[in-house]
Amino acid sequence: MSGTGGRTVPAVVESPGRPAAPGGRFARWLLEHRVQPVGPEAGESHAEPHAWWKVMCLTGVDYFSTLAYLPGIAALAAGSLSPLATMLIVALTLLGMLPMYRRVARESPNGQGSVAMLEHLLPFWRGKVFVLVLLGFVATSWIITITLSAADASVHILENPYAPGFLHGHAVLITVVLLLILGGVFLLGFSEAVGVAIPLVALFLGLNAIVVGVGLFEVATTPGAVAAWLDALTEGRGGFGGVVGPAVLAFPLLVLGLSGFETGVSMMPLVAAEGADAGQRLTARIRNTRKLLTTAALIMSVYLIATSFVTTVLIPAKEFAPGGAANGRALAYLAHEHMGEAAGTLYDISTILILWFAGASAMAGLINIVPRYLPSYGMAPEWGRAVRPVVAVYTVICVAITIAFGADVDAQAGAYATGILAMMVSGAVAVTISALRRGRHAATAGFTVLTLVLLYALAENIWEKPDGIAISAAFIVGIVVISLVSRVTRTTELRADRIEFDEAARRFVADSLAHNGELDVIANRRQRGDVAEYAAKEREQRGMNPVPGRADVVFLEVDVIDPSAFSDVLRVRGVQVGEHRVLRAESPAAPNAIAAVLLALRDGTGVRPHCYFEWAEGSPVTHLFRYLLLGRGDTAPVVREIIRKSEPDPARRPRIHVG
């Protein structure tokens, strides 16, 4: 580089604020796997990718496990109309939910789901608060999925005729043990979780196929079974409306059987894909995820229709009622009734295992989504990206919720439904807006209808079980409060992942070093950006601050963009304005960016820079809130505090002068 005096700052300087690698063996193991923020700077996944059908098994432990209780819910809610209500769910699955999540997979291919699609609709703090509310519903849905499924597994253990007598009355303890084992599996790693999910899904679906086959045989060989069901179907219905009406009313209860779609999309980074470059791999990942979603939906649709038919025809209506032998376990009832106690117990074991592990897909979803947002917003510590610590946190939360609810499945059902339906509504709204913006009128109309259907189901659920929205609100308030506290405590971090200097910026630094071996930087908040502004600023600083009379100076300016963001790569470019040389950067917060650039100049050149400011007018409290919300305030003291926290040795800190 000509005219530089032979010394300048490198093109890329790593942030001095990057955390040091953990020293202890346990700490290294704990922080080994990290979820990276979405974008070209990040790796694609924090775990080894797997074939799409293997990932389908991990999502399927939640989705397919609903067969353990959904036929019983359908029969209790719709009676003999259960198969018709189930047909409505199948139609919604294949004609609504599947197209919706196939579109979500294409437009949010890094696993953020519909949350990311909606985030882009609202700028700045409105978008961040909106995401926090959605994450509250996500946390409600998936954490309650973990606790409710484990509690349901405990119920199946205790209701089996071979269950030891000493277990009765200890449902909470059994559920807590199941949760701790589940958390232990995820502490080992995702590959282990996938390895457990595959045989569980294969066993459960295989046994369900046998139960359905035996059930269909019983229907075919039992005289009058179908005729009795048809009589009950039409008796006192009063025409078409009398048949369809009860099925529609039962419909919201059955929407819970669609819970696996959002987790399927959230685990996209785990889906293996081949390609010559990142673009081809991303396209292949989208295609493979769509295979996952479609295959799971088709399998579930067939099972839902078959199981609702055989359970409704073969099981007396009174057995579905609370306290009945088939309440919440219709297929287990058929297995015991028509295949014997040994075969029924084998079915119970498979049901218990898949219900216990149903929380695995929810845990995987939480790990893949939440750490992609909160640490990037500054609303969680950086260790919140590490998989194992957040698994431990989620496990502790699940244990606390289980104890608080006494492992009662019914007490948690409202929150479970509210969280799932809110996520579905957000997805439907996102794809509707996307289709509208793309000018696809038919898709817009279809997704609008889907949105209205899901809104009806959500409103009906809130009306019937208002405790669910109360629990969701508690999760939302908790996430917002914790996030804001974390944001405030992290305000003095450097925030920059790394600092990049363009060719002009490097030349300006080299010329300044060549002048007198020093770096004198004047911080400026650009107004007009013309020659007169920089000339006046230089005269002002030379008059109020100890700028050496013959010193060569460069200006440093930071344009605040989206102050609700937290960290990013800091790119510094050089701009010549007359005889004045300006280093310009864009950042969510001006003081943090100035501190990062000064430290990068020190590390890159070996010279401690001097930086010159003037005191800001106004109340310090007002400046504090302006800094927290808008990224600006009384810049000088904040820059000095950030540098003080980032560099423990006073002799190595860039010098801050304020006049």
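Nothing here was measured: the structure is a model prediction, and the numbers come from that model. For the single chain, residues carry numbers from 1 onward in sequence order.
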Sidechain-backbone polar pair: Thr175 side chain, Ala171 backbone, donor-acceptor under 3.5 Å: yes
Looking at Ala325, is its backbone amide N or carbonyl O close enough to the side chain of Glu319 to form a donor-acceptor pair, meaning the two atoms are under 3.5 Å apart? yes
Are the side chain of Thr307 and the backbone N or O of Leu304 linked by a donor-acceptor pair below 3.5 Å? yes
Run the side chain to side chain contact (heavy atoms under 4.5 Å, CB included) check on Met300 and Leu67 step by step: do they pass? CA-CA 9 Å; Met300 191 63 173; Leu67 291 171; 4.0 Å; yes
With sequence neighbours left out, what residues match Tyr101 under ring pair (Phe, Tyr, Trp, His ring centres under 6.0 Å)? Phe261
In the structure I gave you, are the side-chain heavy atoms of His336 and Asp348 within less than 4.5 Å of one another anywhere? yes
Minimum heavy-atom distance Thr59-Leu292, with the two atoms named: OG1-CD2, 4.1 Å
Just checking, any donor-acceptor pair under 3.5 angstrom between side chains of Asn461 and Thr418? yes
Without swapping roles, check the side chain of Arg290 against the backbone of Arg102 for a donor-acceptor pair under 3.5 Å. yes
Minimal non-hydrogen separation, Leu92 against Leu450, with atom names: CD1-CD1, 3.3 Å
If we only count heavy atoms from C-beta on, is the Ile401 to Cys398 side-chain gap below 4.5 Å? no
Do you know which two heavy atoms are closest between Ser426 and Leu134, and how far apart they sit? CB-CD2, 3.7 Å
Can you establish whether the number of heavy atoms outside His168 located under 6.0 Å from its atom NE2 is more than 12? yes
May I have the step-by-step check of side chain to side chain contact (heavy atoms under 4.5 Å, CB included) for Glu218 and Glu337, ending in yes or no? CA-CA 11 Å; Glu218 290 292 330; Glu337 189 74 14; over 6 Å; no
Between Ser149 (side chain only) and Ile146 (backbone N and O only), is there a donor and an acceptor less than 3.5 Å apart? no
State, without any angle test, whether Ser308 and Ser82 hold a side-chain donor-acceptor pair at a distance under 3.5 Å. no
Determine yes or no for a side-chain-to-main-chain donor-acceptor pair under 3.5 angstrom, with Ser154 supplying the side chain and Ala150 the backbone. yes
Side-chain contact test, heavy atoms from C-beta onward, threshold under 4.5 Å: evaluate it for Thr222 versus Phe217 and give yes or no. no
Could you measure the distance from the CE atom of Met423 to the OG1 atom of Thr140? Nearest 0.5 Å is fine. 10.0 Å
Is a side-chain donor or acceptor of Ser350 paired with a backbone partner of Phe204 at a separation under 3.5 angstrom? no
Establish, from distance only, whether the side-chain atoms of Thr432 and Thr448 form a donor-acceptor pair under 3.5 Å. no
Interatomic spacing from CG in Leu270 to CG in Leu58 - rounded to 0.5 Å: 7.5 Å
Heavy-atom donor-acceptor pair, Trp229 side chain to Thr312 backbone, under 3.5 Å: no
Do Tyr333 and Thr311 touch side chain to side chain, with heavy atoms closer than 4.5 Å? no
Look up atom CD1 in Ile89 and atom CE in Met97, then write down how far apart they are to the nearest 0.5 Å. 9.5 Å
What closest approach, in Å, do Ala273 and Arg285 show between heavy atoms, and which atom pair accounts for it? CB-N, 3.5 Å
Just wondering, do Phe447 and Val429 contact through their side chains at under 4.5 Å, heavy atoms? no
Salt bridge (Lys or Arg N to Asp or Glu O under 4.0 Å) partners for Asp152, two or more places apart: none
Mind checking the CZ-CG spacing from Phe357 to Leu353? Nearest 0.5 Å is all I need. 10.5 Å
Mark yes or no for whether Tyr347, through its side chain, and Met339, through its backbone, hold a donor-acceptor pair below 3.5 Å. no
Could you go step by step and tell me if Phe64 and Leu205 meet the side chain to side chain contact (heavy atoms under 4.5 Å, CB included) rule? CA-CA 8 Å; Phe64 299 143; Leu205 291 182; 4.0 Å; yes
Can you list every pair that meets salt bridge (Lys or Arg N to Asp or Glu O under 4.0 Å) and has a residue in residues 74-100, with sequence neighbours left out? none
Side-chain donor or acceptor of Trp356 paired with backbone N/O of Leu178 under 3.5 Å: yes
Could you tell me which non-hydrogen atom of Leu207 sits nearest to which non-hydrogen atom of Leu346, and how far apart they are? CD1-O, 3.8 Å
Do you know the tightest heavy-atom contact between Ala297 and Tyr63? CA-OH, 3.8 Å
Evaluate the criterion side chain to side chain contact (heavy atoms under 4.5 Å, CB included) for residue pair Val133 and Phe137; output intermediate values, then yes/no. CA-CA 7 Å; Val133 172; Phe137 283 114; 4.0 Å; yes
Side-chain heavy-atom pair Ile305, Met87 within 4.5 angstrom cut-off: yes
Taking the side chain as C-beta and beyond, is there a heavy-atom pair between Met363 and Thr395 under 4.5 Å? yes
Check whether any side-chain heavy atom of Leu94 sits under 4.5 Å from a side-chain heavy atom of Ser301, and report yes or no. yes
Separation between CG of Asn288 and CD of Glu274, rounded to the nearest 0.5 Å: 9.0 Å
To the nearest 0.5 Å, atom CD1 of Ile469 lies from atom CG of Leu458 at 6.5 Å
